Amino acid sequence: MQVILLHPRFNRAKSITLGARHISLMIAAFLLAVLLATGLLYFLTARYAVGLPFAGKAASSSAAGPQDKDKYLKENLAAMAIKLGEMQAQLMRLDALGERVQGLAGVKPEEFNFKEAPGRGGAEFSSLDDRRSHDMSMSEFQQALDAMSRDVGYRADYLNVVETVLMSDRIKSKLLPTNQPVNVNYNSSSFGWRLDPFTGRSAFHEGLDFPASVGTPIVAAAAGVVIAAEYHPQYGNMLDIDHGNDIITRYAHASRLLVKVGDIVQRGQHIADIGTTGRSTGPHLHFEVRIKGVAQDPRKFLNAGTDLAKAAILAGK
């Protein structure tokens, strides 16, 4: 390679011939200069990192001192404290939810107290060589805290589902006609085949007859909506109450009706008075329970109500 040099001080142009050896030396000198500049920059960055904001984080991450470790520890403790506060709030909500579920399920408070920690125990040391006790590291503690937080969330969701199911069952139980409609100790005619009091022929009786004096209160066997309040040629003054789930109760031969179609009645509400209207031989209540229009034996429901009442009394002791 030939290089020609021109300058006003030169009387004539000068030329320099560069061989392969000269070019190799120039490249080596250039690379050496780059390496020296890089080393100098690295030294200045590490020596004066405080004055270089863009290099502060790199220097602290590459060589963390005691102050940096303390800062890292404080930041982790602050994050875990926030997580612990969230878990405490979730546990308080879980305790309240557990007490509601406990009440719906009929569990006695002394049998399962959410406000007291359950007893725990066991040997301090394990007999297994690979399961010796050791101090928990920060990462292990963080993992345990995250796992507990997830478990608390899962249990809260589960208790919400259980509460919904128990509440639904409780509402359905209130809609079952288990409350005796008249306060008398016996019925004069049961559900099933009997001799008709007017014709003397065998006929199927679709309800229970409760004899009582005229004016004796008749109450709703369960909560529901009145769908019929009218005079019927055979049933006399008659009420039909819809309890949902295709269950209807009928109250017949009343002397007067105290509710009308569309009224919402509660279990045990006074809805009519006993009489002897319609096809009747004397004052009594003819009580029926129908499911999808088919007459059922009311004693199955009334006996179930008695069993539930006994269970509630025993649970309250």
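The residues of the chain are indexed from 1 along the displayed sequence. Remember, predicted model here, so these are calculated numbers, not experimental data.
- In summary, the side chains of Ser202 and Arg194 do not present any donor paired with an acceptor at a separation below 3.5 Å, with no hydrogens or angles considered.
- Taking each heavy atom of Pro298 and Gly207 in turn, the nearest pair found is CG-CA, 4.3 Å.
- Taken to the nearest 0.5 Å, the NE2 atom of His243 stands 8.5 Å off from the CD1 atom of Ile248.
- Between Pro177 and Phe301 the shortest heavy-atom distance is O-CB, 3.2 Å.
- Checking each of Asn179, Leu208, Thr178, Asp297 against Leu302 for a side-chain contact (heavy atoms from CB on, under 4.5 Å) leaves exactly one that passes, namely Leu208.
- With a 4.5 Å cut-off on side-chain heavy atoms, Val265 and Ile241 count as touching.
- Cluster membership check: Tyr251 shares its hydrophobic cluster with Leu257, using side-chain heavy-atom separations under 4.5 Å among Ile, Leu, Val, Met, Phe, Trp and Tyr.
- Note: His253 NE2 to His232 NE2 = 10.5 Å, rounded to the nearest 0.5 Å.
- Clustering of Ile, Leu, Val, Met, Phe, Trp and Tyr by side-chain heavy atoms under 4.5 Å joins Val261 with none of the others.
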For residues 282-293, tabulate all N or O donor-acceptor pairs below 3.5 Å that involve a side-chain atom, not counting sequence neighbours.
residue : atom : partner : partner atom : Å
His284  : ND1  : Ser280  : OG           : 3.3
His284  : ND1  : Gly282  : O            : 2.7
His286  : ND1  : His205  : NE2          : 3.2
His286  : ND1  : Asp209  : OD1          : 3.1
His286  : NE2  : Glu288  : OE2          : 2.6
Glu288  : OE1  : Arg290  : NE           : 2.9
Glu288  : OE1  : Arg290  : NH2          : 3.1
Glu288  : OE2  : Tyr235  : OH           : 3.1
Arg290  : NH1  : Gly293  : O            : 3.0
Arg290  : NH2  : Glu206  : OE1          : 2.4

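- Here the OG-CG distance, from Ser255 to Asn237, works out to 7.5 Å after rounding to the nearest 0.5 Å.
- By the salt bridge (charged side-chain N to carboxylate O under 4.0 Å, His left out) test, Asp242 pairs with no residue at all, sequence neighbours left out.
- Distance alone, capped at 3.5 Å, places no donor-acceptor pair between the Gln143 side chain and the Ala147 backbone.
- Residues satisfying the side chain to side chain donor-acceptor pair (under 3.5 Å) criterion with Ser190, sequence neighbours excluded, are Asn187.
- Using a 4.5 Å heavy-atom cutoff, the side chains of Leu258 and His270 are in contact.
- Within the 4.5 Å cutoff, the side chain of Phe191 has no heavy atoms near those of the Gln296 side chain.
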For this session: Show your working on salt bridge (charged side-chain N to carboxylate O under 4.0 Å, His left out) between Arg201 and Asp196 and close with a plain yes or no.
Result: CA-CA 5 Å; Arg201 300 176 62 185; Asp196 188 277; over 6 Å; no
Enumerate, atom names and distances included, each donor-acceptor pair closer than 3.5 Å involving a side-chain atom of residues 211-231, sequence neighbours excluded.
residue : atom : partner : partner atom : Å
Ser213  : OG   : Thr216  : OG1          : 3.2
Thr216  : OG1  : Ser213  : O            : 2.7

For this session: Start with the C-alpha gap between Asp240 and Thr249, add the side-chain angles, then the distance that decides, and say whether side chain to side chain contact (heavy atoms under 4.5 Å, CB included) holds.
Result: CA-CA 6 Å; Asp240 282 353; Thr249 53; over 6 Å; no
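- Note that the CD atom of Gln269 and the CD1 atom of Ile264 stand 10.5 Å from one another [nearest 0.5 Å].
- With sequence neighbours excluded, the residues that form a salt bridge (charged side-chain N to carboxylate O under 4.0 Å, His left out) with Asp263 are Lys260.
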